[in-house]
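Read through the structure below, which is laid out as C-alpha cells, and then see the notes.
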Amino acid sequence: MLATTTAALLPQPTAFAVAPESITTHFGATTDQERHQVDAYWTPERMKLAGALVPEITPVPEDDNTPDDPHPLPAGTPDPGATWRHGGAVDKSVGRLFFTFSDGYDGSCTATVVNSANRSTVITAAHCLRSVGAPADDGTWNHNLYFVPGYRNGTKPLGGFSIRSMATSSRWNADPGRTTSEDVAVAGYDTGVLVANPAAAGRRIAEVTGSQKIGFAEPVRDEFIHTFGYPKGQLNDPKAKYAGSRMIHCAGQARPAPKAPLLWGELCDMTHGASGGPRFGQFDTRTGTGTVVGVTTTSAELAGGEAPMLYATRLRDSARRLYNWAQTRLL
C-alpha cells in the first residue's frame, strides 16, 4: 500500500502532459526453468514472512484459525474488517500476490482472477508491480512474481502461478525526480494486469480458480462495496491486527477521497498487503461473486477522510486498455 511522502498529494497537471498514455509491458517467468525457480522460491515460511522489514529476525506469524462459517453474510451488512469465513467463489479467485523488490526483500499484495478471453488474466495495483522510472531499468520492476489463489496460513490450496507478463500505464514511466508513485496513484493510474502461466498440468488459472466479472463504469456515491485483501501490518508492528495469514473482508458505502477525489473508499481497517485487492460492486454474499470495479490503492493517511479508510483506484479507460491487452496474451 502506498504511504505518504513529502510530495504534494495532488499531482501537478504537467507531470503527465508530455505524451499520450500508452501501455508499458514487462516479462516475468517465460521459460520452464524460470517457472520452476519461482515456484521453488516461495516456500511456506518465505510466504508467511513476505513483507517483513527484517525477515531474518521476524517471528513467523501464527496461523489464523478462525472457524469457517457456511452461512452467507447477510446482504448489505457493513464490515470494517474481519477474516472472511463464508467461502464462495471469492475464496478461490482472490489470492495473495508475492514478489521480490529490487533490493532483495520480499513483499506481497492482493490480486484477482477476472473473466478474460485467455482465461489467464489477473488484476492488481500497479504499485505492486513496479515503481516510477524508465521501464527499461529492470530495477523499477518487482521480480519473482507468484500468485497464490485462496492463500491461507502459508499453504497453496489451489497451487501457485508464476507470472509470464505484466503491464501498467505508461504514466509509471515518469521521472522519479519529478513524480512519485503517490502522484501517479492519486491521478487514477494505479492499476496493473498480469498474465499467469498455466499450472503444471497445463490448465489455465481461471480453469482452476474460476473468475470474477470486471466492470469499467463510473463510480456511484454511496454504492455498497465489498473489499478483500491480505493485509500484513502485524509482521512489522505486533500491535497491528493482521499478519497476511487469511483473506480479510470489508464492506460499506463508497465515497470519494477528500484529498484525492479520483480514489473511492469506505471504512476499512486493512493496511499494507491489501493493495491490489478487489473492490466488488453487486457482490452476492451467497455465491461470493461480483463485479470488480476497482483495486485497493491507499489509506486515509494519503487520501484523507475519516480513519480507518481504505481507498481504491476505480477501473476506467486506462484500466480497460490494460485489461484488453492482457486478455489477448498467451492465446
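Just so you know, residue 1 is the first one in the sequence shown, and it goes up from there. Computed over heavy atoms, backbone and side chain alike; hydrogens, waters and symmetry mates excluded.
- Through direct or indirect side-chain contacts shorter than 4.5 Å among Ile, Leu, Val, Met, Phe, Trp and Tyr, Y105 is connected to no other residue.
- Inter-residue side-chain proximity for N144 and R46 is flagged as unmet; no heavy-atom pair is nearer than 4.5 Å.
- The nearest pair of heavy atoms linking P176 to G133 is CD-CA, 4.0 Å.
- Dense packing is recorded around CD of E21, with more than 12 heavy atoms of other residues, nucleotides or ligands lying under 6.0 Å away.
- Summarising the geometry, atom OG1 belonging to T298 is positioned 11.5 Å from atom CE belonging to M309; distances are rounded to the nearest 0.5 Å.
- Within the 3.5 Å criterion, the main-chain N or O of A326 finds a donor-acceptor partner in the side chain of N118.
- Taking all atoms of both residues into account, the shortest heavy-atom contact from G188 to L262 is N-CD1, 4.2 Å.
- Between the side chain of R329 and the main chain of S165, no donor-acceptor pair closer than 3.5 Å is present.
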- Between S93 and Q212, is a side chain to side chain donor-acceptor pair (under 3.5 Å) present by the stated rule, with each step listed? CA-CA 7 Å; S93 54; Q212 298 283 353; 3.0 Å; yes
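- Annotation for T58 and A52: closest pair OG1-CB, 3.6 Å, computed over non-hydrogen atoms.
- Between C128 and T110, every side-chain heavy-atom pair lies at or beyond the 4.5 Å cut-off.
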- Task: Would you sort out whether Y242 and T271 count as a side chain to side chain contact (heavy atoms under 4.5 Å, CB included), showing the intermediate values?
- Result: CA-CA 9 Å; Y242 307 115; T271 57; 5.7 Å; no
- Task: With side chain to side chain donor-acceptor pair (under 3.5 Å) as the test, would you mind laying out the steps for T313 and T191 before giving the verdict?
- Result: CA-CA 7 Å; T313 297; T191 305; 5.1 Å; no
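- The side-chain heavy atoms of P61 and L235, taken from C-beta on, include a pair separated by under 4.5 Å.
- Note that SG of C268 is 12.0 Å distant from NE2 of H226, once rounded to the nearest 0.5 Å.
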- Task: Before giving the answer on side chain to side chain contact (heavy atoms under 4.5 Å, CB included), spell out for V90 and F280 the whole-Å C-alpha distance, their side-chain angles and the decisive distance to 0.1 Å.
- Result: CA-CA 10 Å; V90 71; F280 284 107; 3.9 Å; yes
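- Cluster membership for Y230 and L49, using ILVMFWY side-chain heavy atoms within less than 4.5 angstrom, is not shared.
- Nearest heavy-atom pair, P258 versus G305, reported as atom, atom and distance to 0.1 Å: CG-N, 3.6 Å.
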- Take R130 and T24 through the side chain to side chain contact (heavy atoms under 4.5 Å, CB included) test and state the conclusion after the steps. CA-CA 11 Å; R130 62 180 298 205; T24 296; 3.7 Å; yes
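- Counting heavy atoms from C-beta outward, T291 and I214 have side chains that stay 4.5 Å or more apart.
- Dense packing is recorded around CD of E207, with more than 12 heavy atoms of other residues, nucleotides or ligands lying under 6.0 Å away.
- Nearest heavy-atom pair, T296 versus H127, reported as atom, atom and distance to 0.1 Å: O-CE1, 4.5 Å.
- Scored by the salt bridge (Lys or Arg N to Asp or Glu O under 4.0 Å) test, R320 finds no partners at all (sequence neighbours excluded).
- Atoms CG and CZ, from N197 and R35 in turn, are 4.5 Å apart once rounded to the nearest 0.5 Å.
- Ring pair Y151/F98: centre-to-centre distance below 6.0 Å.
- Within the structure, salt bridge (charged side-chain N to carboxylate O under 4.0 Å, His left out) contacts touching residues 225-251 (residues at least two apart or in different chains) are D64-R246, D68-R246, K241-D269.
- A distance of 10.0 Å separates NZ in K259 from CD in E301, rounded to the nearest 0.5 Å.
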- Kindly determine whether E34 and F27 satisfy side chain to side chain contact (heavy atoms under 4.5 Å, CB included), including the steps that lead there. CA-CA 11 Å; E34 290 170 337; F27 283 107; over 6 Å; no
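- Salt bridge present: D63 and K48 bring a charged side-chain N and a carboxylate O closer than 4.0 Å.
- Rounding to the nearest 0.5 Å gives a distance of 4.5 Å between NE2 of H86 and CG of L73.
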- Message: Please determine whether side chain to side chain donor-acceptor pair (under 3.5 Å) holds for the pair T180 and E182, giving the CA-CA distance in whole Å, both sets of side-chain angles, and the decisive distance to 0.1 Å.
- Response: CA-CA 5 Å; T180 68; E182 289 80 11; 3.2 Å; yes
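- In this structure, E266 contributes its side chain and Q253 its backbone to no donor-acceptor pair below 3.5 Å.
- Remark: K92 NZ is loosely packed, at most 12 non-hydrogen atoms of other residues, nucleotides or ligands lying under 6.0 Å away.
- In the hydrophobic cluster analysis, where Ile, Leu, Val, Met, Phe, Trp and Tyr join through side-chain heavy atoms closer than 4.5 angstrom, Y41 is grouped together with V148.
- Contact check for H143 versus V38: no side-chain heavy atoms found under the 4.5 Å cut-off.
- Among L322, T168, T124, the single residue meeting the side chain to side chain contact (heavy atoms under 4.5 Å, CB included) criterion with V193 is L322.
- Between the side chains of T289 and D284, not a single donor N or O lies within less than 3.5 Å of an accepting N or O.
- The side-chain heavy atoms of W172 and D190, taken from C-beta on, include a pair separated by under 4.5 Å.
- Of the possible donor and acceptor atoms, none in the side chain of D138 sits under 3.5 Å from a partner among the backbone N and O of S102.
- The distance from the CG atom of D32 to the CD atom of Q37 is 11.0 Å, given to the nearest 0.5 Å.
- A perpendicular orientation is assigned to the rings of F283 and W84, their planes being inclined by more than 60° (bins at 30° and 60°).
- At a threshold of 4.5 Å between side-chain heavy atoms, the hydrophobic network of Ile, Leu, Val, Met, Phe, Trp and Tyr places V295 and V94 in one connected group.
- Put simply, the side chain of R321 reaches to within 4.5 Å of the side chain of D317, judged on heavy atoms.
- Through chains of ILVMFWY side-chain contacts below 4.5 Å, L97 is grouped with F99, F101, V113, V122, L129, W141, L145, F147, L158, F161, I163, M166, L194, I205, V208.
- Using a 4.5 Å heavy-atom cutoff, the side chains of V293 and L315 are not in contact.
- Judged as a salt bridge (charged side-chain N to carboxylate O under 4.0 Å, His left out), the pairs with a partner in residues 212-222 (not counting sequence neighbours) are, in order, E218-R316, D222-R255.
- For residues 284-327, the set of pairs meeting the ring pair (Phe, Tyr, Trp, His ring centres under 6.0 Å) definition, not counting sequence neighbours, comprises F216-Y323.
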